[in-house]
Amino acid sequence: MSPETISADAVIDAVSAVFMVVGALMSLGAAIGLLRFPDLMTRMHAATKPQVLGLFLLLCAVGLQMRTWWVWPVLVVAWIFQLLTVPVSAHMVGRAGYRTKHLHPELLSADELEAVVQQAAGERGFTDE
Amino acid sequence: MTRKRISLRQELPLLVWLVIVWGALWQDFSAGNLLFGALIAVAVARLFYLPPVELGGRFNVLRAVRFAAVFLAKVVAASFQVLYLAVVRGPRVISAVVAVPLRSHSDLLVTATGHVISLIPGSLVVEVDRSTSTLYIHGINVRDAEDAAKLRKEVRDTEAGLIRIMGTKAELSALEQEVGA
């Protein structure tokens with residue numbers, strides 16, 4: 001074994017170690033956000049987002065450690081399916097949360113949707129409360 | 001059945017994607033496996049028919065690569081920003097729901113813009129008005145009108161990037177005129 005291959009291995013190990021720690025940090029951030037943020041919408045930001053970067057870093061670490069290119073297409077497909085589905089679930093929960101008023105209006109600096117909702121409700125003969 | 005048949009050219013991106021998924025799941029990209037995957041892809045596309053996605057008719061690969069790099073950089077920066085907010089601000093964080101009118105009325109571009117914006121931490125699509133193609137976005141840490149304007153500009157810039165990648169020629173020339181003016 002030549003010293004060069006050893007150092008290449010060491011570099012790959014070091015890079016994947018950094019990726020894994022930072023990826024796990026993103027999950028930790030999500031947990032902290034879930035506990036600390038005040039309402040459903042802000043918690044959605046914390047809960048759904050670290051998956052994008054955290055999963056990316058962890059999948060990269062897996063790919064680096066496997067040391068075979070066959071595994072990369074699966075990892076890419078896994079990440080792309082995450083990218084396609086995360087915003088949909090976040091949107092559905094966020095939308096349902098907004099409609100059922102699971103938010104604190106005093107923590108919003110502006111709400112440009114409320115007027116539109118009120119107007120639409122008025123046209124259909126519904127009023128708030 | 002009175003469904004509109006779609007041309008093979010329109011269906012091709014979907015079929016290619018299905019074959020790639022097939023090959024990736026088997027971890028086998030040999031010709032025989034891909035051929036079998038292609039047969040299954042055609043069968044699936046015929047049996048489980050979906051409304052065709054109306055593509056813009058062009059795709060700029062170079063722009064797409066640059067867009068993906070910028071997207072990844074934004075995701076990294078914003079992920080750490082949300083982490084910082086969670087740890088430091090916590091319950092006192094101020095957000096806003098901002099209406100962002102988009103230029104394009106194509107379903108594909110509105111969906112893609114909404115997806116990209118939702119994937120970048122700190123912004124979430126709450127509601128979509130398809131008739132006026134307006135996105136209502138919940139942004140975290142939007143404290144005043146200036147932050148809201150920044151968020152609005154970011155969304156519109158994202159849309160501009162996507163139009164440059166895969167918008168129709170008409171949308172592209174309208175965008176160039178707007179930028180030039």
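Just so it is clear: chains get the letters A, B, ... in the order the sequence lines come, proteins before strands, and each one is counted from 1. Note that the structure is a prediction, hence the values are computed from the model and not measured.
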Heavy-atom pair with the smallest gap, counting every atom of B:L124 and A:G94: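 Smallest heavy-atom distance, with atoms named: CD2-CA, 4.3 Å.
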Contact winner vs chain A - [options], heavy-atom pairs under 4.5 Å:
options: B:A78, B:G23, B:S118, B:P91; result: B:P91
options: B:D28, B:L85, B:D144, B:I120; result: B:L85
options: B:L83, B:I140, B:V21; result: B:I140
options: B:R143, B:R89, B:E127; result: B:E127
options: B:A99, B:S95, B:G114; result: B:S95
options: B:V125, B:L119, B:D147; result: B:L119

Contact winner vs chain B - A:P87, A:G29, A:A96, heavy-atom pairs under 4.5 Å: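 Winner by heavy-atom pair count: A:P87.
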Top of A:V52, A:L34, A:T42 for chain B proximity - count of heavy-atom pairs under 4.5 angstrom: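 Heavy-atom pairs under 4.5 Å are most numerous for A:T42.
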Just so I know, are the side chains of [X] and [Y] near enough to count as touching, which here means a heavy-atom distance under 4.5 Å?
X: B:V75; Y: A:F56; value: no
X: B:F80; Y: A:M26; value: yes
X: B:H138; Y: A:H45; value: yes
X: B:V93; Y: A:P38; value: yes
X: B:I94; Y: A:L108; value: no
X: B:H115; Y: A:V88; value: yes

Geometric class of the B:F29/A:W70 ring pair [parallel <30°, tilted 30-60°, perpendicular >60°]: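 Ring orientation, 0 to 90° scale: parallel.
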Which answer fits [X], side chain, backbone, both or neither, if we ask what part of it has an atom under 4.5 Å from a heavy atom of chain A?
X: B:T134; result: neither
X: B:L72; result: side chain
X: B:A148; result: neither
X: B:V88; result: backbone

Gap between atom [atom2] of [Y] and atom [atom1] of [X] - 0.5 Å precision:
X: B:I20; Y: A:I80; atom1: CD1; atom2: CD1; value: 8.5 Å
X: A:L84; Y: B:T111; atom1: CG; atom2: OG1; value: 11.5 Å
X: B:Q27; Y: A:W72; atom1: CD; atom2: CH2; value: 13.0 Å

Taking atom [atom1] as the centre, does [X] end up with more than 12 heavy-atom neighbours from other residues, nucleotides or ligands that are less than 6.0 angstrom away?
X: B:R66; atom1: CZ; value: no
X: A:R67; atom1: CZ; value: yes
X: B:L62; atom1: CG; value: no

Residue A:F37 versus chain B: region with a heavy atom under 4.5 Å: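 For A:F37, the contact with chain B is made by backbone and side chain together.
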A:V22, part contacting chain B, at a heavy-atom distance under 4.5 Å: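 Looking at A:V22, just its side chain touches chain B.
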From CA spacing to verdict: side-chain contact (heavy atoms from CB on, under 4.5 Å), A:V74, B:W26: CA-CA 9 Å; A:V74 192; B:W26 281 103; over 6 Å; no
Following the transitive rule for hydrophobic clusters with a side-chain heavy-atom cut-off under 4.5 Å over Ile, Leu, Val, Met, Phe, Trp and Tyr, establish whether [X] and [Y] coincide in one cluster.
X: A:M66; Y: A:V15; value: yes
X: A:F19; Y: A:V21; value: no
X: B:F67; Y: B:L102; value: no
X: B:L151; Y: B:Y84; value: no
X: B:V61; Y: B:L109; value: yes

Sole residue of A:R99, A:H91, A:M41 in side chain to side chain contact (heavy atoms under 4.5 Å, CB included) with B:V126: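 Exactly one option meets the side chain to side chain contact (heavy atoms under 4.5 Å, CB included) with B:V126, and it is A:M41.
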N/O donor-acceptor pair under 3.5 Å between A:R36 side chain and B:A86 backbone: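 A pair under 3.5 Å: yes.
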